[in-house]
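Keep in mind it's a predicted model, so treat the numbers as computed, not measured.
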Amino acid sequence: MSIYIDRRKNRVTLKTRRTMYVFEMLFGKYPIHLYYGAIKSTQGIEYVKKSKSFSATYSDERFYPDTVASELPLFGSGDYRATALKLRSMETGSDVTYFIYKSMRKFKGRFSPDGLPCADADENTETLELTLTDEVTGAILRLYYTVFPESDVISRYFVLENRGKADLRIEKAMPLSLDIDGDERDMISFYGEWAHERHIQRQPLMRGNQRIFSRRGSSSHHFSPFMMVTDKKATEERGEAYAFNFVWSGNWLGEVETDQTHNTRVLLGLGDECFNYLLKSGESFASPEAVMTYSAKGIGRASRNMHRFVRAHILPRDKFPCRPVVLNSWEAFFFNIDAERMEAFGAEAAKCGMDMVVMDDGWFGKRVNDKAGLGDWYANPDRFPDGLAPFVRRVKKNGIKFGIWIEPEMVNPDSELFRAHPEYILSAPGRRQLESRTQYVLDMANPEVLDYLKCAFAKTLGNVDIDYIKWDMNRNMTEVYSPSLPPERQGEAAYRYMLGVYDLFRWFNENFPNVMIENCSGGGGRYDLGMMKYSTQIWASDNTSPIHRTFIQHGSTFGFPTSVMSCHVGNHKGCIEDARKLDYRFRVAMNGPLGYEFDVLSVSDRVKNTISEQIKEYRTYEELILRGEFFRLLDPSACGRYAYYFADSEADASEFLLSFLQNEGDESERTFKLKLLAADASADYVDTISGEGFSGAQLKKGITVKSDKDGEYARTWHFVRK
Ligand code: DGJ
């Protein structure tokens with residue numbers, strides 16, 4: 001059991017394996033937050049009244065909304081800080097948002113809102129439903145707290161029902177809000193851009209509000225809907241860390257605000273700038289789900305909690321427990337593909353021991369460059385004269401699987417689809433249309449567009465024996481106006497776009513049940529829990545420079561498991577024939593599911609033999625890479641070296657894979673101590689690569705590694721308990 005309700009005190013305690021979350025209904029009316037942290041005695045966890053001049057109260061209650069830690073801060077209710085929900089009555093125009101506690105219940109499993117991606121429940125999952133009402137508007141608000149005890153995660157989402165006579169407008173929706181006592185903390189989040197995703201930034205919280213967000217219609221390369229709030233001194237192993245993630249792939253907002261009461265308020269959700277939603281009388285709205293975890297033992301454990309949660313509750317059933325090592329055609333040929341070339345490419349991939357050949361962009365319509373063809377989802381007859389099905393049969397005769405690239409959400413102006421249906425794109429009345437990569441964004445909120453796509457893909461891929469789909473998305477939204485929605489619903493266009501995308505993902509998963517989806521948005525532009533719900537892995541970045549990759553991969557592990565992080569060995573700068581560089585690239589790529597992306601037809605036999613050996617080596621460690629516990633050791637942005645290890649358990653582990661990756665050369669030799677704290681001090685281990693023996697105590701104290709005078713230097717150790 002993980003949810004405890006004390007009806008006498010109107011108090012709720014949520015418990016996970018190592019954390020505890022407590023709140024109560026003050027005066028039987030207001031859900032106020034009391035505690036989130038390590039499990040401890042509830043004695044002394046009490047509401048402490050704080051009052052401040054210029055904070056308002058009701059004369060009969062002495063309750064100050066502006067100073068209290070709140071479970072759901074409401075706009076216009078006397079709380080002047082950033083708030084989670086803003087609701088406007090379309091009858092009176094008032095945006096004073098107010099809800100009072102009515103009842104609560106708990107149940108096994110969870111409530112799963114229609115059409116939204118959300119975490120899967122298991123036998124240990126429990127949910128608390130808190131019902132609040134607003135007598136003035138007649139609205140009912142149900143707050144959900146779903147507890148995933150094994151991963152130390154609690155999720156938050158809500159459903160708003162308009163039971164009143166007048167219409168309402170939701171003007172801000174933040175399903176997750178958490179008030180943490182104290183404001184001397186740091187915030188960790190991602191920043192980046194195309195080809196440089198998920199770099200880590202850490203800065204002290206300032207007085208005021210710090211926001212990260214996306215207004216691009218996708219969760220974006222630039223920030224991701226993930227953040228941490230930590231002690232100032234928190235390290236990988238020590239100190240407190242709270243981590244937050246959002247099961248959503250569109251526009252979002254994350255806020256961290258400190259205030260006069262020295263409180264840190266964290267909010268995560270759909271925001272207010274790019275979202276508003278008309279809730280007509282009789283309608284209801286369900287928010288996406290946001291998740292949080294807490295670690296008393298450093299940032300590393302907060303990440304591992306997220307990893308465990310995403311693996312167990314978000315990612316789809318793994319259709320390939322041993323992931324296919326793919327060879328992708330993009331960096332090999334770009335748009336210059338045809339049946340003959342792809343057959344030869346696949347045959348060579350099979351000879352190297354790869355499992356799958358992926359035909360990237362360029363196979364359909366008039367798509368010979370990025371100027372035409374998107375939207376016309378039939379095989380280009382010049383390139384595939386006898387169609388896709390016989391071609392794929394020929395490729396697979398070599399004993400290799402077949403994957404194909406699609407970009408369903410987009411259309412080129414030069415396409416049959418756009419000429420026939422200009423009304424299918426997002427476009428604002430009377431405005432010029434911005435292009436990006438010569439393409440427009442389809443109006444995925446329009447059911448007709450979804451029908452078109454489903455019919456086109458059913459016809460083109462329905463009878464083709466595909467094993468994998470790479471789903472790309474190569475531009476952000478502009479002219480965010482859905483011609484299929486009435487004027488009063490235009491604030492919902494980007495939100496409903498995402499629901500359309502998720503609907504199409506579900507259609508693919510249902511209609512191609514054995515096909516694995518790899519998500520991509522110009523690399524990692526939609527690297528979020530919404531996409532992870534439908535895609536087993538995500539192309540982490542278009543940047544295949546191994547040096548840049550160390551930054552991107554290191555950052556990604558803060559919020560997401562390595563099993564999702566698709567990593568390819570590329571021929572960036574044509575260095576593939578250099579044995580040291582090829583080895584380095586492989587060791588960098590061994591951080592997640594492995595793949596290759598270069599013209600294997602034009603490399604030497606030595607390179608091909610090396611690849612076969614690399615794949616065998618990857619298979620030896622794959623279980624650890626996909627399902628092991630991940631520990632960061634060195635941050636490449638701090639010291640030019642990336643080091644980490646996988647272990648089969650968080651403590652007293654019996655198997656480790658340790659990697660040291662040095663980007664730049666070192667004139668003077670430097671040494672680094674790599675401490676494997678998950679080792680069992682009383683056990684003995686052997687490194688299966690060098691044959692050297694180590695005691696667990698030695699591993700805990702640290703392996704000493706010397707840097708090399710040349711850059712792109714890598715070392716791997718594989719320790720197993722004797
Ligand atoms: C962007 C992706 O990230 C690349 O890997 C490739 O698929 C291209 N799109 C194709 O247009």
Next item on the list: For the residue pair Trp405 and Phe364, categorise the inter-ring angle as parallel (less than 30°), tilted (30 to 60°) or perpendicular (more than 60°).
Entry: parallel

Notebook entry, point to check: Do Arg475 and Glu435 pass the salt bridge (Lys or Arg N to Asp or Glu O under 4.0 Å) test, and can you show the C-alpha distance, the side-chain angles, and the key distance before you say yes or no?
Noted result: CA-CA 9 Å; Arg475 69 158 286 183; Glu435 287 181 15; over 6 Å; no

Checklist line | Approximate separation, where rounding is to 0.5 Å, of Trp194 CH2 and Ser220 OG | finding: 15.0 Å

Notebook entry, point to check: Does the ring center of His554 lie less than 6.0 Å from the ring center of Tyr642?
Noted result: yes

Check: For the atom pair CD (Glu423) and OG (Ser484), what is the distance rounded to the nearest 0.5 Å?
Finding: 10.0 Å

Check: Can we say Asp376 and Arg367 salt-bridge, meaning some charged N sits less than 4.0 Å from an Asp/Glu carboxylate O?
Finding: no

Next item on the list: Kindly state whether the ring of Phe226 and the ring of Phe246 have centres lying under 6.0 angstrom apart.
Entry: no

Checklist line | Candidate pair Arg308 and Glu629, rule salt bridge (Lys or Arg N to Asp or Glu O under 4.0 Å), full reasoning | finding: CA-CA 8 Å; Arg308 212 172 296 125; Glu629 299 285 355; 3.4 Å; yes

Next item on the list: Apply side-chain contact (heavy atoms from CB on, under 4.5 Å) to Asp370 and Gln439, showing your working.
Entry: CA-CA 8 Å; Asp370 64 10; Gln439 62 197 54; 5.7 Å; no

Next item on the list: Please list, chain by chain and in numerical order, all residues satisfying ring-ring contact (aromatic ring centres under 6.0 Å, His included) with Tyr584, sequence neighbours excluded.
Entry: none

Check: Mind checking whether Phe560 and Phe558 have ring centres under 6.0 Å apart?
Finding: no

Margin query: Using the ring centroid of each side chain, check whether Phe457 and Trp507 are separated by less than 6.0 Å.
Written below: no

Note to self: Please report the interatomic distance CD(Glu409) to CG(Leu374), rounded to the nearest 0.5 Å.
What the structure shows: 11.0 Å

Margin query: So if I apply the side chain to side chain contact (heavy atoms under 4.5 Å, CB included) rule between Met359 and each of Phe384, Phe333, Trp330, which one comes out positive?
Written below: Phe384

Next item on the list: Run the ring-centre check on Trp471 versus Tyr534 and record whether the distance is less than 6.0 Å.
Entry: no

Check: Looking at Phe391 versus Phe402, is the centre-to-centre ring distance below 6.0 Å?
Finding: yes

Next item on the list: Go through the structure and list residues passing ring-ring contact (aromatic ring centres under 6.0 Å, His included) with Tyr621, not counting sequence neighbours.
Entry: His718

Checklist line | Pair Glu416, Tyr378: side-chain N/O donor-acceptor within cut-off below 3.5 Å | finding: yes

Checklist line | Candidates Phe656, Trp717, Phe630, Phe631 - the one meeting ring pair (Phe, Tyr, Trp, His ring centres under 6.0 Å) with Tyr644 | finding: Phe630

Item checked: Asp708 vs Arg580, side-chain contact (heavy atoms from CB on, under 4.5 Å): CA-CA, chis, key distance, verdict -> CA-CA 12 Å; Asp708 200 76; Arg580 178 184 171 110; 3.2 Å; yes

Check: Please walk me through it: do Ser521 and Asn474 pass side-chain hydrogen bond (donor to acceptor under 3.5 Å, both in side chains)?
Finding: CA-CA 6 Å; Ser521 172; Asn474 280 302; 6.0 Å; no

Next item on the list: Scan Lys396, Lys401, Lys319 and name whichever one has a side chain to side chain donor-acceptor pair (under 3.5 Å) with Asp467.
Entry: Lys396

Notebook entry, point to check: Thinking salt bridges, do Glu597 and Arg585 make one under a 4.0 Å N-O criterion?
Noted result: no

Note to self: Could you tell me if the side chain of Arg549 sits less than 4.5 Å from the side chain of Asn591, heavy atoms only?
What the structure shows: no

Notebook entry, point to check: Quick one: OG1 on Thr478 to CZ on Arg431, what's the gap to the nearest 0.5 Å?
Noted result: 12.5 Å

Margin query: Among Arg317, Lys533, His313, exactly one meets side chain to side chain donor-acceptor pair (under 3.5 Å) together with Asp120. Which residue is that?
Written below: Lys533

